[in-house]
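Contents: one structure, followed by commentary.
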Amino acid sequence: MYRYLERRLATSVARFLRGRYGLEIEPFAIEQPPKPELGEYALPLAFELAKKLRNSPRKIAEEIVVGVGPIEGFRRLEVAGAGYINAHVDRAAVALALARDQQDSDGPPAQQKILVEHSSINPNKAAHVGHLRNAILGDTFVRLLRYAGHTVDVQNYIDNTGVQVADVVVGFLHLEKKTRLEIEQLARQPGFDHYCWDLYAKVSLWYEEDSSGKAIRLDVLHQIEQGGNDTAAVADLISTAVLRRHLETMQRLDIEYDFLPRESEILHLRFWESAFAKLKDSGVLVFETQGRNKGCWVMRRAGTLRPRSAEDIEAAGQELPEEDQKVIVRSNGTVGYIGKDIAYHLWKFGLLGRDFGYQPFFRYPGGHQCWISAERGQPEHPHFGGVRQIYNVIDSRQAEAQNTVIEALRGLGCGEAADHYTHFSYEMVALTPRCAMELGYRLSDEEKARPYIEVSGRRGFGVKADDLLDTLMASARQEVDSRHGQLPDSERQEIARQISIGALRYFMQKYTKSSVIAFDFKDALSFEGETGPYAQYAVVRATNIFRKGGMDADAFANQLVSNLTLSELEPFLATQAGNEIWELWLVSAKTAYVVEQSIAATEPAYLAKHVFQLAQCFNTFYHRHPILAETDAAKKRFLLATAAVVRRELVRALGMMGISVPPVM
RNA sequence: GGGCGCGUAGCUCAGAGGAUAGAGCAUCUGCCUUCUAAGCAGAGGGUCGCGGGUUCGAUUCCCGCCGCGCCCUCCA
């Protein structure tokens, strides 16, 4: 609604500017005035035009206000300040449309499938807070896209043949001298991923102390990549068990996947062969015959194409400077991970000419089936890949690698695919020095002085996802017990679960992507202020009003759709006194607009801010208007309608954040 | 050295050409006989890293510095 009116306003003003002055200056800025009584939209347009039209901003604004004439859905335009044009909407009409839950119709959404890749955790140890940020951002983005009407496939890429898995295999076979049977037994234990966490740190330490380690690692890695041997079997056993643990951890947060493509299939189904041929033919890859990278197939690293003078290019010829090279195929003939990634992404866009086999892997309690790649799959399976648009939720440290893959696609003549390849880049989760010390890690003086310290799997340094969830759960449970001791244990448990998830998911989404999260238990465990539970609590309060009043909140909201009339809203919104409550309706009307912004900017934090604003406005309203005590029947109905609509929008927006609301708190 | 990002209140962060720079936490002062205080109201707290430039207007855009982080391996 908000978005729709903004467009209508822009079109009308643009039409006038064209007709009256012959000006084409769309798009122009449309912002929100600082106070509700100043209207819903503000155009600073006249300031810009002042010089062009040789007139004062105020005069121009007046001319525009008079000239544009009436716009459907708007009460009036007026000049304010030194030359702002403020637009006032027809409040009651907007509110009625909102109460009726009328969605802006942009025509049918494009039914093109979108592919979102997120999580992609190395299956060699337990997931940590950094992985949680990735998965939560990715999952919320999926929910946003689905809310906007898109069909989305969720993929979680599994690097089950890389060095990280090899390291843990080295740990089991060479350090702990475990047999395959013993590893199998361990892998069935509940905390297997946590066991691997410690083992991985132990192996990393051992490499530093024992120089023979690196050679063993290389040998193990080669055997894993090759497949069809005992070492590879052990690696598969370990990575599959850890993967299951990761899926279970994410399940705790209501995060599910559709498909798990594995690197082992990318290798064994020879995806690279097809990609390599294309890359050579198109000249994206060149064979280096001298210098450091002699004998390798290399390509230009993304971001190194600097504008150079003609002479420079002449002198350098076709040569790619060594520092701008990225090795894709090593001199021993093996492929690096960017090469595999290029092949994988050609598959995503349906440009590779090969496909995975598919096997069912994990069934979620709701019945949803998650598939995994296989060399020989089932004949019947859903179709994955071959999409037109993709989003990769990968942290910013891989920006250059991601851009290199995009440039490879472009170089292959797949510009269309490259344009629809979005690296959903976000900053890492680090620990505050205080948090690191609380966890018992020794820090150097230099580290203590830093604002944050990077998590390191190699050092076993970080906060494990399950541990954080457990801590949050215990803390929430304590709060629930202190308030609702009379409720049965299972109910208290479920409420605590919802609150702990709400706290965690909100925490991970309230920061913008470009901000490093310096993790601290104090902030993450907070249930007050700008947090998930704050927003959940606002909904619970709204629910309570209806319950105490002998009504059902959802039923009431549903009735409004057909029941409510313009004349019931008009008297309470069109007045000065209505400003404060109108703000609540206005913020509620913005949900669709915020969703659009969040998707366009790949920024879930916009949605989190919106949720908080809604909850905050509602709490103020709640405090100022004792609804059930209201004696004026018409006013009471209006206040109830307000509560019902805000509640609906809050539940909806929280749902997109993957946060559900308990019945009581 | 090159690339990317960050620097805003004591702390953690929003804001990205426009109206008086915001929020949460922390500190202090009030408010539970009321639809639940996981809440509300209020107070203090700012040379928006520094210096230039563009503009009617810059915390926001451009340039140059300074500080911090990440990436730049025939690792993934």
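Everything numeric in this text was worked out from a predicted model, so none of it was measured. Each chain gets a letter, A, B and so on, in the order the sequences are listed, and its residues count up from 1.
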Expressed in whole Å, how much space separates the [atom1] atoms belonging to [N] and [M]?
| N | M | atom1 | value |
| --- | --- | --- | --- |
| B:A14 | B:C74 | P | 35 Å |
| B:C13 | B:G30 | C1' | 28 Å |
| B:G42 | B:G49 | C1' | 33 Å |
| B:C25 | B:U34 | P | 25 Å |
| B:U60 | B:G15 | C1' | 9 Å |
| B:A23 | B:U8 | C1' | 13 Å |
| B:A19 | B:A58 | C1' | 15 Å |
| B:C50 | B:G46 | P | 15 Å |

Next item on the list: Give the B/S/- string for nucleotides 21-36 of chain B, one per nucleotide from 5' to 3', where a protein heavy atom under 4.0 Å of the base yields B, of only the sugar-phosphate yields S, and otherwise -.
Entry: --SSS---------BB

Next item on the list: Determine: side-chain N/O of A:Tyr534 to OP1/OP2 of B:C40, distance under 4.0 Å, yes or no.
Entry: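 So the side chain of A:Tyr534 is within the cut-off, an N or O lying under 4.0 Å from OP1 or OP2 of B:C40.
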
Can you tell me the distance, in whole Å, between the [atom1] atom of [X] and the [atom2] atom of [N]?
| X | N | atom1 | atom2 | answer |
| --- | --- | --- | --- | --- |
| A:Met508 | B:U12 | CE | P | 17 Å |
| A:Glu407 | B:G3 | CD | P | 16 Å |
| A:Ile659 | B:A38 | CD1 | P | 19 Å |
| A:Tyr344 | B:A76 | OH | P | 17 Å |
| A:Phe507 | B:C13 | CZ | C1' | 11 Å |
| A:Gln536 | B:A38 | CD | P | 14 Å |

Margin query: To check you understand the geometry: which heavy-atom pair defines the closest contact between A:Ala166 and A:Ile224, and what is its length?
Written below: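 Smallest interatomic distance, heavy atoms only, reads CA-CD1, 3.7 Å.
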
Check: Of all heavy-atom pairs between A:Ile581 and A:Leu639, which one has the smallest distance, and what is that distance?
Finding: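 Closest heavy-atom pair between A:Ile581 and A:Leu639: CD1-CD2, 3.7 Å.
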
Checklist line | For RNA chain B, the residues among residues 495-502 of chain A that have a non-hydrogen atom under 4.0 Å from it | finding: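 Those residues whose heavy atoms fall under 4.0 Å from RNA chain B, taken from residues 495-502 of chain A in numerical order, are A:Ile499.
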
Item checked: Geometric cation-pi criterion A:Lys340 and A:Trp272, 6.0 Å radius, 45° cone ->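 No - A:Lys340 does not lie over the ring of A:Trp272 by the 6.0 Å and 45° rule.
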
Note to self: Here's one to test your reading of the geometry: is the NZ or CZ of A:Arg262 within 45 degrees of the ring axis of A:Tyr157 and under 6.0 Å from its centre?
What the structure shows: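 Not flagged: A:Arg262 not positioned over aromatic ring of A:Tyr157.
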
For residues 612-620 of chain A, which side-chain donor-acceptor pairs fall under 3.5 Å, sequence neighbours excluded?
unit_1   : atom_1 : unit_2   : atom_2 : d
A:Asn619 : OD1    : A:Arg541 : NH1    : 2.7
A:Asn619 : ND2    : A:Tyr534 : OH     : 3.1
A:Thr620 : OG1    : A:Gln616 : O      : 3.0

Item checked: For A:Gln597, all residues meeting side-chain contact (heavy atoms from CB on, under 4.5 Å), sequence neighbours excluded ->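 Partners of A:Gln597 under the side-chain contact (heavy atoms from CB on, under 4.5 Å) test: A:Tyr593, A:Tyr606.
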
Note to self: Could you work out, with side-chain contact (heavy atoms from CB on, under 4.5 Å) as the rule, every residue matching A:Gln486, not counting sequence neighbours?
What the structure shows: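 A:Gln486: side-chain contact (heavy atoms from CB on, under 4.5 Å) contacts with A:His484.
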
Margin query: We want to know whether A:Gln223 and A:Asp219 form a side-chain donor-acceptor pair, criterion being a heavy-atom distance below 3.5 angstrom.
Written below: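 A pair is found: one side chain offers a donor N or O, the other an acceptor, under 3.5 Å apart.
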
Next item on the list: Start with the C-alpha distance between A:Cys296 and A:Phe287, add both sets of side-chain angles, then the distance that settles side chain to side chain contact (heavy atoms under 4.5 Å, CB included), and finish with yes or no.
Entry: CA-CA 6 Å; A:Cys296 299; A:Phe287 189 73; over 6 Å; no

NA contact type, [X], heavy-atom cut-off 4.0 Å: base, sugar-phosphate, or nothing?
| X | answer |
| --- | --- |
| A:Asp341 | nothing |
| A:Phe618 | nothing |
| A:Thr334 | nothing |
| A:Ala42 | base |
| A:Pro33 | base |
| A:Phe527 | base |

Next item on the list: Using the salt bridge (charged side-chain N to carboxylate O under 4.0 Å, His left out) rule, collect all pairs that involve residues 607-625 of chain A, keeping only residues at least two apart or in two chains.
Entry: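 Passing the test, one end in residues 607-625 of chain A: A:Glu530-A:Lys609, A:Glu580-A:Arg624.
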
Notebook entry, point to check: Which pairs, with at least one residue in residues 499-515 of chain A and sequence neighbours excluded, count as a salt bridge (charged side-chain N to carboxylate O under 4.0 Å, His left out)?
Noted result: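 Matches after skipping sequence neighbours: A:Asp139-A:Arg505.
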
Margin query: Is it the case that the base of B:A37 and the side chain of A:Asn619 share a donor-acceptor contact (distance under 3.5 Å, atom types as modelled)?
Written below: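 Under the 3.5 Å cut-off, the side chain and the base do not form any donor-acceptor pair.
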
Please enumerate all protein N or O atoms sitting under 3.5 Å from an N or O of nucleotides 53-63 of chain B, with distances to 0.1 Å.
unit_1 : atom_1 : unit_2  : atom_2 : d
B:C56  : OP1    : A:Lys51 : NZ     : 2.3

Item checked: Contact list for residues 393-408 of chain A, test side-chain hydrogen bond (donor to acceptor under 3.5 Å, both in side chains), sequence neighbours left out ->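 Listed by first then second residue: A:Arg301-A:Glu400, A:Tyr337-A:Gln398, A:Asn392-A:Gln402, A:Asp395-A:Arg397, A:Ser396-A:Glu427, A:Arg397-A:Glu454, A:Gln402-A:Tyr421.
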
Checklist line | All pairs passing side-chain hydrogen bond (donor to acceptor under 3.5 Å, both in side chains) where residues 39-48 of chain A contributes a residue, at least two apart | finding: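 Listed by first then second residue: A:Glu40-A:Trp582.
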
Note to self: Does the plane of the ring in A:Phe507 sit parallel, tilted or perpendicular to the ring in A:Tyr511? Use 30° and 60° as the thresholds.
What the structure shows: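 Perpendicular.
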
Check: Is any side-chain heavy atom of A:Leu43 less than 4.5 Å from a side-chain heavy atom of A:Phe28?
Finding: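 A:Leu43 vs A:Phe28: side chains touch.
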
Check: Quick one: are A:Asp554 and A:Arg647 in side-chain contact, heavy atoms under 4.5 Å?
Finding: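 Of all side-chain heavy-atom pairs linking A:Arg647 with A:Asp554, at least one is under 4.5 Å.
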
Next item on the list: Please tell me which of A:Ile517 and A:Lys35 maps to the more 5' nucleotide of RNA chain B, matching each residue to the nucleotide holding its nearest heavy atom.
Entry: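 Going by which nucleotide is closer to the 5' end, it is A:Ile517.
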
All N/O contacts under 3.5 Å from nucleotides 67-75 of chain B to the protein, with atom names and distances to one decimal?
unit_1 : atom_1 : unit_2   : atom_2 : d
B:G69  : O2'    : A:Tyr452 : OH     : 3.1
B:C70  : OP1    : A:Glu454 : OE1    : 3.4
B:C72  : O2'    : A:Arg301 : NH1    : 2.7
B:C72  : O2'    : A:Arg301 : NH2    : 3.2
B:C74  : O3'    : A:Arg330 : NE     : 3.3
B:C74  : O2     : A:Ser331 : N      : 3.1
B:C74  : O2     : A:Ser331 : OG     : 3.1
B:C74  : N3     : A:Ser331 : OG     : 2.7
B:C74  : N4     : A:Arg292 : O      : 3.3
B:C74  : N4     : A:Lys294 : O      : 3.1
B:C75  : OP2    : A:Arg330 : NE     : 3.0
B:C75  : O3'    : A:Arg330 : NH2    : 3.2

Item checked: From A:Val203, A:Ile238, A:Leu221, A:Asn124, residue fulfilling side-chain contact (heavy atoms from CB on, under 4.5 Å) relative to A:Val169 ->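 Only match with A:Val169 under side-chain contact (heavy atoms from CB on, under 4.5 Å): A:Ile238.
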
Notebook entry, point to check: Using the purine O4'-C1'-N9-C4 or pyrimidine O4'-C1'-N1-C2 torsion, is B:C62 syn (within 90° of 0) or anti?
Noted result: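 Anti, which is what one calls it when the glycosidic angle falls more than 90° from 0.
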
Item checked: Pair pattern of RNA chain B in dot-bracket, where unpaired bases get dots and | marks partners in another strand, Watson-Crick or G-U under 3.5 angstrom -> ((((((((.[[[[.)..(...]]]].(((((.......))))).....[[[[[..)....]]]]])))))))....

Check: Can you tell me if NZ on A:Lys448 sees more than 12 non-hydrogen neighbours from other groups inside 6.0 Å?
Finding: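 Enclosed.
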
